[in-house]
Each structure stands twice: as structure tokens, then as C-alpha cells.
Amino acid sequence: MSTVIVEVMPKPEILDPQGKAILGALSRTGHTGIASVRMGKRFEVTLDHEATPEDLDQIRSIAAEVFSNPVIEDVVSVTAEDAQ
Amino acid sequence: MTRIGVVTFPGSLDDGDARRAVAAAGAVPVRLWHQDVSLGDIDAVILPGGFSYGDYLRAGAIASFSPIMGAVRTAAAAGMPVLGICNGFQMLTETHLLPGALVRNAGQRFLRTDQRLRVECTATPWTGRYTAGQEITVPIKHADGRYVADARTLAELEDTGRIVVRYVGTNPNGSDNDIAGVCNEAGNVVGMMPHPEHASLAGFGPDSEQGLRAGTDGLAVFTSVLASLADSEGARA
């Protein structure tokens, strides 16, 4: 069994109001020195077998077509983690 | 009689009002279900507002992969008038039938207000009964209504007159270029965040000069498509 981790982030040029709201809360609670916060998504895809290069290709296309909307988001990583 | 389909998805909220507005305009509303693979015998189709699939993943994203969207895509390509309202607009951008995307309101808050709008483009089947530049009042109610697109797409939409409605006065959600609704290149597919179906029956609309809740500025969206379909029927005969 392998788990494939996909991370999706809003594109840098898209204003991330959720990140900005979190930054506001951090500064209100006395956390200093933080310039910005951006919030993204993490997907964990568990296979019923060890991940092959073909599986990773398939998950890369799922990431591009389903997990993210290319107009507003970037897939920043697709990585396989072997089960312990 | 003209038959207009209204698709219900799990989590649709405004399918009932959309059917009422269709009936008020003088057409027959036809219930469609998200698992249908065919649109059946209809002349136009509406994707209504709501929170399909709880807005999981992204607003409109899961609905855009539902069986009926294949039929909607085929019908749109063949020229059938398609209208996406609010969540339906989000579905149309997720299926890439319309350009751009709808993201969280700039102010983070869910908004519900009667909104002043300007109808910019009357060359679509859904806006032909308005006059270009006409200002109307129609409710908005959304959390993810901020229209964004890259600079090239925005320039193309502006240059080709594909911005259908724009916010007037305040821009409620931070949308690029005050955009409230756009259409595809052919003009038959229109998406808008405001809810014309909530401004189609006197007594159930926004307040207007005629009285409390008397506003029916949205009804012309539905009478427009009837007129447009009658014209194309006449042209064919």
C-alpha cells in the first residue's frame, strides 16, 4: 500500500482572503515577524498496492483535472509515501 | 410550448424559484436530475443556485463531473441556450464552458443583498429583452462570488462584449472589472452570480418603486429566452 500526497495552492497572483484573515488573527494574538500566510489543500490518495510510475502519472492528471482548477490553483507537489 | 429544463443537484436550493420564474415567463418548466444522462425534450436549460455537494472541493466542482453535465456540454456546443445562476455559474466555469473562476468573496463574508446591476450585453438569448446599459435590481447571495480571470481573458471579454452584467455602485465581492456575469464566444451560454429568479414574481422580489418586494427586474432574463427561441423557430420555419 502506498499513499500519494498531492498539494494544491492558490496561484500567487490570486488574493487569498483566508490566508489574510489568518494573518490578521496571528497579529492580534501577538505573533510577530510573520509577513504572510497562504492556505492551500492537501489530498491523501491511498492505493491498494505499491505506487508505480504509472500510478503517479495517473494521480498527476487527477491532480491537474480534479483536485485543482488551473485557472486559480497550482499543483505544487505529487509524492508517494510508502506505508510503514 | 417552450420547455425549459431546470437541473436539480444534491444541495440545489433555487431550483424551485427557477421553475416558478420559467412559468411566470410563460414557458413550461421541466425538472431534470443530476444523474440524468439526457436532457430530453427541452429548448433551453438552467443550472440553478445552491450549494451542490456542499461546495466540497471547490464551489460547483463536483457537480461539474455529474452525468447530466455531459449532456449540457453537448447541448451547449449545439447552440442550446444555457443559463447558470450563482452555483450554476460556478459549475459552468468549472466545466470550462465559461472562462475564469469564482473564488471566495474579497471580504470573506457570505453576502445577501439586493444589488444594482447594469446589463452590458443584450446579444445573448437570456438578455435580449433588456436594453444595453439598463440598470436593474436583483438579489445576490453568495460566499464564493468573486469573479477572477487572467489579464488576457479579461481583455478578451471586454473587447468582444462578453461581459453580460456588471455590478453598479459598490462591487460587493471584489470581482475583476465589477463582473457579475459573462457569456461564451457564441453567446448562448451565460453565467451570472445574481439571482434573476428571485426578482421575477411581484410580492417575492426586491423592494421597488412599485412597493415592498414588488421588483421583477429579473423576469426579462426568462422572457428573453422565450423571445429568442421564438425568433430562431421563426427563422427555421
Side-chain angles (χ1 to χ4, degrees), chain A residues 3-31 34-47 55-81, chain B residues 52-66 69-70 73 84 87 89-111 142-157 171-177 179 182 184 191:
Chain A
T3 298
V4 180
I5 311 295
V6 178
E7 290 177 329
V8 173
M9 291 296 292
K11 281 185 189 293
E13 64 269 26
I14 301 279
L15 175 76
D16 173 15
Q18 296 180 100
K20 273 182 74 176
I22 295 164
L23 179 66
L26 292 178
S27 64
R28 277 196 301 280
T29 49
H31 298 278
I34 300 170
S36 77
V37 177
R38 293 183 73 74
M39 200 179 98
K41 293 175 187 160
R42 169 186 163 111
F43 300 82
E44 298 181 351
V45 183
T46 302
L47 305 175
D55 289 322
L56 284 175
D57 284 345
Q58 184 196 354
I59 291 169
R60 275 189 206 99
S61 68
I62 293 170
E65 290 159 22
V66 181
F67 292 167
S68 69
N69 177 344
V71 177
I72 48 172
E73 294 167 320
D74 293 321
V75 178
V76 293
S77 70
V78 178
T79 47
E81 279 183 0
Chain B
S52 57
Y53 299 93
D55 275 355
Y56 292 169
L57 189 60
R58 294 174 303 276
I62 309 281
S64 74
F65 298 112
S66 61
M69 290 307 286
R73 208 179 279 117
N87 197 212
F89 185 14
Q90 293 161 342
M91 292 173 205
L92 291 173
T93 60
E94 281 286 341
T95 54
H96 309 297
L97 282 169
L98 291 175
L102 292 142
V103 299
R104 183 59 49 94
N105 295 340
Q108 280 277 67
R109 289 189 177 85
F110 181 92
L111 298 171
H142 57 246
D144 296 276
R146 180 182 197 200
Y147 184 81
V148 294
D150 60 42
R152 205 173 52 101
T153 304
L154 288 173
E156 189 191 321
L157 290 172
N171 177 336
N173 50 28
S175 287
D176 288 346
N177 297 24
I179 290 171
V182 300
N184 67 343

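Within every chain, numbering begins at 1; the chains are lettered A, B, ... in the order of the sequence lines, protein sequences first and strands thereafter.
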_For V66(A), give me all partners under side-chain contact (heavy atoms from CB on, under 4.5 Å), at least two apart in sequence or on another chain._
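Per chain and number, V66(A) pairs via side-chain contact (heavy atoms from CB on, under 4.5 Å) with I62(A), L57(B), F65(B).
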*With sequence neighbours left out, what residues match L56(A) under side-chain contact (heavy atoms from CB on, under 4.5 Å)?*
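side-chain contact (heavy atoms from CB on, under 4.5 Å) check on L56(A) returns V4(A), R60(A), V78(A), A80(A).
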*So what's closer than 4.5 Å to chain A heavy atoms on A101(B): side chain, backbone, both or neither?*
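Both parts, heavy atoms under 4.5 Å.
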*asked:* If you count heavy-atom pairs within less than 4.5 Å of chain A, which of A106(B), A149(B), G100(B) leads?
replied: G100(B)
Report every donor-acceptor pair between chain A and chain B with a separation under 3.5 Å, backbone and side chains included.
| residue | atom | partner | partner atom | Å |
| --- | --- | --- | --- | --- |
| P17(A) | O | Q108(B) | NE2 | 3.4 |
| K41(A) | NZ | L57(B) | O | 2.5 |
| V66(A) | O | R58(B) | NH1 | 3.1 |
| V66(A) | O | R58(B) | NH2 | 3.0 |
| F67(A) | O | R58(B) | NH1 | 3.0 |
| N69(A) | ND2 | E94(B) | OE2 | 3.3 |

*chain B contact via I72(A) - which portion, at a heavy-atom distance below 4.5 Å*: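 Side chain only.
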